[in-house]
Amino acid sequence: MTNTAHGMSRMDLFMAECLTKHSLNDPRPLPQVFGYLLDENPITGNLSTEHMVNAFDALVETMRTAKVSDGPADAGMTFLGQFVDHDITLDTTSAIGTVIDPRSIRNVRTPNLDLDCVYGDGPEASNYLYSADHETEGFLLFGREDNPYDLARNCQGRALIGDFRNDENIIVSQIQGAFICLHNILMTHMAEGDDAAHDISDCAQMGVRRDVWHKQLPPRLKGFEEVRRFIRLHYQWIVLNEMLPAFVDQADIDHALSHDIFPCAPMMPAEFSVAAYRFGHATVQPQYTLRKGETALELFALRGFGFRDPGATIEMAQFFGPHAQKALPVGTEMAKTLFELPDNIVSSGLEWGNHQIPVEQAKKLGLRNILRDRSAMQLPSGQQMARHLGIPELPAPKALKDHHITKTPLWFYCLQEAQESKKKRLSGVGGKIVASVFVRLLKEDPESILNLHGFEPWSGFDKTCTMANVMQFVEKHRDHVRNRESLYCGPKQ
């Protein structure tokens with residue numbers, strides 16, 4: 001966990017663990033690649049590519065809605081889900097229209113809930129993320145002179161963070177920033193040696209042999225590693241006990257905790273990353289209010305990837321907690337905003353074989369999800385997955401049957417299950433895939449909360465460890481960080 005060789009990531013250690021722990025005949029794939037839960041599902045039959053694209057387009061058009069309703073999840077949970085996705089997956093290889101076996105795709109992120117999108121590979125291997133000041137060694141760079149709550153940035157405005165995608169909109173950008181602030185707040189407690197510092201150390205050292213902390217770890221990194229593990233454990237707690245139940249039927253989570261429904265599954269299945277976990281696209285609201293009493297802003301007005309003005313700093317209570325806005329329910333209705341992706345995201349059409357997909361269709365996020373499934377990954381259909389799991393199958397929607405297609409792309413099938421169950425959450429195939437993958441990630445990580453008996457969240461986050469309470473803690477204490485201005489990085493604008 002802590003005594004990593006210079007430049008050796010947690011992924012490298014995990015692979016070393018796999019190579020020594022499992023024989024070469026073990027069917028479980030190594031964690032650095034994606035894979036299938038079932039077999040690939042190539043396209044058969046005599047329907048033309050153009051016909052299939054039009055069929056999928058007709059299906060996606062049934063989702064378009066101008067009427068929005070509140071689901072059970074806080075609005076911020078959609079963006080926390082995006083942040084979590086960026087913590088466990090990054091595929092830089094596959095593209096719509098090009099067939100590729102997911103088993104050949106390297107997952108650039110570590111498939112652990114370990115916040116490598118925040119920490120990179122630590123102060124030595126990812127030193128560009130950290131303070132070079134001796135007084136703040138182990139602190140993460142954060143803030144600019146023009147905006148102390150913006151991410152640290154280079155002269156071109158690029159965020160200095162572990163995963164560039166966490167700057168793509170100003171909401172996920174500020175969730176990223178909140179975790180950086182939390183780290184620096186707790187590092188300040190460690191430097192001061194107060195009661196909170198003792199609580200952090202006691203929590204972080206749970207389940208880890210004392211010689212790891214006192215013999216294998218350089219003394220100057222001890223405080224950093226304790227804070228990092230402390231935050232990881234509470235992050236995992238929130239994912240398992242708050243984020244997942246907000247979007248997944250609790251019965252599926254409980255079943256995954258007690259049953260391994262996909263034995264020998266890959267650490268990161270394509271059915272999860274390309275289909276089931278993309279349910280979050282259907283929970284996006286067309287507008288969000290950043291601060292209480294202000295006018296709501298259109299989703300695509302909240303662009304990132306550049307210097308953020310202080311006026312765009314959000315109040316986390318608007319996104320998490322009892323007074324937060326709500327996400328849309330998981331289901332087959334989708335905000336019309338996502339049918340017209342802006343030019344900075346999609347500015348040209350697509351190709352699938354010899355068929356040219358016009359830009360008007362290429363701008364529909366739902367269609368892009370289905371095309372990636374069918375043209376690139378060739379995932380099993382929803383009905384095939386239901387049959388494998390022994391769940392009653394849902395028939396293909398009318399929009400597909402009218403085009404002589406009887407099997408439903410997995411992404412839409414998961415949303416269809418949620419819609420028909422009226423639970424406003426994933427259930428059935430979608431619920432089982434998402435719950436099982438997260439539980440597997442935690443079970444396979446020997447340092448996770450599922451392998452740490454007796455873990456109790458810190459009382460410093462109030463009575464319960466929730467995203468709302470952690471964000472409130474960050475907002476209350478983020479101005480009280482040791483040598484705070486020395487952590488600023490970025491030119492004046």
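Remark: Arg440 fails to qualify as a cation-pi partner of Phe262 under the 6.0 Å distance and 45° angle criteria applied to the six-membered ring.
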- Trace of the side-chain hydrogen bond (donor to acceptor under 3.5 Å, both in side chains) decision for Glu168 with Gln82: CA-CA 10 Å; Glu168 69 183 34; Gln82 183 182 15; 2.3 Å; yes
- Start with the C-alpha gap between Val274 and Trp411, add the side-chain angles, then the distance that decides, and say whether side-chain contact (heavy atoms from CB on, under 4.5 Å) holds. CA-CA 8 Å; Val274 175; Trp411 172 73; over 6 Å; no
- Query: Under the side-chain contact (heavy atoms from CB on, under 4.5 Å) criterion, do His388 and Val429 qualify, and how do the steps go?
  - Reply: CA-CA 10 Å; His388 175 78; Val429 167; over 6 Å; no
- Message: Let's go through Val284 and Leu299 carefully: what are the C-alpha distance in whole Å and the side-chain angles of both, what is the deciding distance for side-chain contact (heavy atoms from CB on, under 4.5 Å) to 0.1 Å, and is it a yes or a no?
- Response: CA-CA 9 Å; Val284 174; Leu299 172 66; 3.5 Å; yes
- Dump the intermediate steps for side-chain contact (heavy atoms from CB on, under 4.5 Å) on Ile449 and Leu233, then the final yes or no. CA-CA 6 Å; Ile449 56 169; Leu233 292 174; 3.8 Å; yes
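Atom NE2 of His323 is surrounded by 12 or fewer heavy atoms from other residues, nucleotides or ligands within 6.0 Å. Within 6.0 Å of the CD atom in Gln472, the count of heavy atoms belonging to other residues, nucleotides or ligands does not exceed 12. Heavy-atom contacts from other residues, nucleotides or ligands closer than 6.0 Å to NZ of Lys336 number 12 or fewer.
Here the shortest heavy-atom pairing between Pro329 and Ser69 reads CD-O, 3.3 Å. Smallest separation of non-hydrogen atoms from Met243 and Val84: SD-CG2, 3.9 Å. Heavy-atom minimum distance, Trp458 versus Ala196: CZ2-CB, 3.8 Å. Minimum interatomic distance between Asn112 and Ile88 (heavy atoms only, all atoms of both residues): O-CG2, 3.5 Å. Of all heavy-atom pairs spanning Cys414 and Leu426, the tightest one is O-CD2, 3.9 Å. The two residues Pro380 and Met385 make their nearest non-hydrogen contact at CG-CE, 3.9 Å.
In this structure, a donor-acceptor pair under 3.5 Å is absent between the side chains of Glu447 and Asn451. A donor atom on one side chain and an acceptor atom on the other are found under 3.5 Å apart for Thr110 and Asp116. Residues Ser201 and Glu226 have side chains that bring a donor and an acceptor to within less than 3.5 angstrom of each other. Glu333 and Gln419 share no donor-acceptor pair across their side chains, judged by distance under 3.5 Å alone. A donor atom on one side chain and an acceptor atom on the other are found under 3.5 Å apart for Tyr235 and Asp87. With no hydrogens or angles considered, no side-chain donor-acceptor pair links Gln285 and Gln325 at under 3.5 Å. Judged purely by distance below 3.5 Å, without hydrogens or angles, the side chains of Thr89 and Ser273 never pair a donor atom with an acceptor atom.
Summarising the geometry, atom CG belonging to Leu59 is positioned 9.5 Å from atom CG belonging to Leu367; distances are rounded to the nearest 0.5 Å. In this structure, the separation between CG on Leu113 and CG on Leu240 is 9.0 Å, given to the nearest 0.5 Å. Taken from CD in Glu417 to CG in Leu394, the straight-line distance is 5.5 Å, to the nearest 0.5 Å. Note: Gln174 CD to Asn169 CG = 9.5 Å, rounded to the nearest 0.5 Å. We find the CG-OG1 distance between Asn241 and Thr464 to be 11.0 Å, quoted to the nearest 0.5 Å. For the atom pair CG (Asp114) and CD (Gln236), the distance works out to 8.0 Å, reported to the nearest 0.5 Å.
The side-chain heavy atoms of Leu365 and Phe339, taken from C-beta on, include no pair separated by under 4.5 Å. No side-chain heavy atom of Ile161 sits less than 4.5 Å from a side-chain heavy atom of Val118. At a threshold of 4.5 Å between non-hydrogen side-chain atoms, the residues Asp373 and Leu410 count as touching. Between Asp167 and Gln176, the closest side-chain pair of non-hydrogen atoms is not below 4.5 Å. Between Leu371 and Ile357, the closest side-chain pair of non-hydrogen atoms falls below 4.5 Å. Here the side chains of Val434 and Phe272 are in contact, with some heavy-atom distance below 4.5 Å. Side-chain contact between Ser173 and Leu151 is present, with at least one heavy-atom pair separated by less than 4.5 Å. A 4.5 Å side-chain heavy-atom check between Thr78 and Phe319 finds every atom pair outside the cut-off.
By the 4.0 Å N-to-carboxylate-O rule, Lys432 lies close enough to Asp252 to be salt-bridged with it. Using a 4.0 Å cut-off between charged nitrogen and carboxylate oxygen, Arg229 and Glu225 do not count as a salt-bridge pair.
For Phe56 and Phe412, the gap between ring centers reaches or exceeds 6.0 Å. Proximity of the aromatic rings of Phe179 and His183 is defined here by a centroid distance below 6.0 angstrom, and this criterion is not met. Here His86 and Phe164 keep their ring centres 6.0 angstrom or further from each other.
Between the side chain of Ser436 and the main chain of Ile433, a donor-acceptor pair closer than 3.5 Å is present. Side-chain atoms of Glu393 do not come within 3.5 Å of backbone N or O of Arg387 as any donor-acceptor pair. Distance alone, capped at 3.5 Å, places no donor-acceptor pair between the Glu40 side chain and the Gln378 backbone. For Gln384 (side chain) and Ser381 (main-chain N/O), a donor-acceptor pair under 3.5 Å exists by modelled atom type. Formation of a donor-acceptor pair under 3.5 Å by the Ser448 side chain with backbone atoms of Leu442 is found in this model.
In this structure Arg278 satisfies the side chain to side chain donor-acceptor pair (under 3.5 Å) test together with Asn369, sequence neighbours excluded. With sequence neighbours left out, the side chain to side chain donor-acceptor pair (under 3.5 Å) criterion links Lys398 to Asp402. When the side chain to side chain donor-acceptor pair (under 3.5 Å) test is applied to Arg372, the partners found at least two apart in sequence or on another chain are Ser94. Scored by the salt bridge (Lys or Arg N to Asp or Glu O under 4.0 Å) test, Asp163 finds Arg109, Arg165 as partners (sequence neighbours excluded). Looking at residues two or more places apart in sequence or on another chain, you find a side chain to side chain donor-acceptor pair (under 3.5 Å) between Thr408 and Gln383. Listed by chain and number, the residues in a salt bridge (Lys or Arg N to Asp or Glu O under 4.0 Å) with Lys364 are Asp57, Glu61 (sequence neighbours excluded).
Of the residues listed (Phe438, Phe279, Tyr277), the one engaging Phe247 in a ring-ring contact (aromatic ring centres under 6.0 Å, His included) is Phe279, and it is the only one. The residue from Lys424, Lys423, His255 that alone fulfils the side chain to side chain donor-acceptor pair (under 3.5 Å) condition with Asp249 is Lys423.
The aromatic rings of His404 and His51 lie parallel to each other, with less than 30° between the two planes, well short of the 60° mark.
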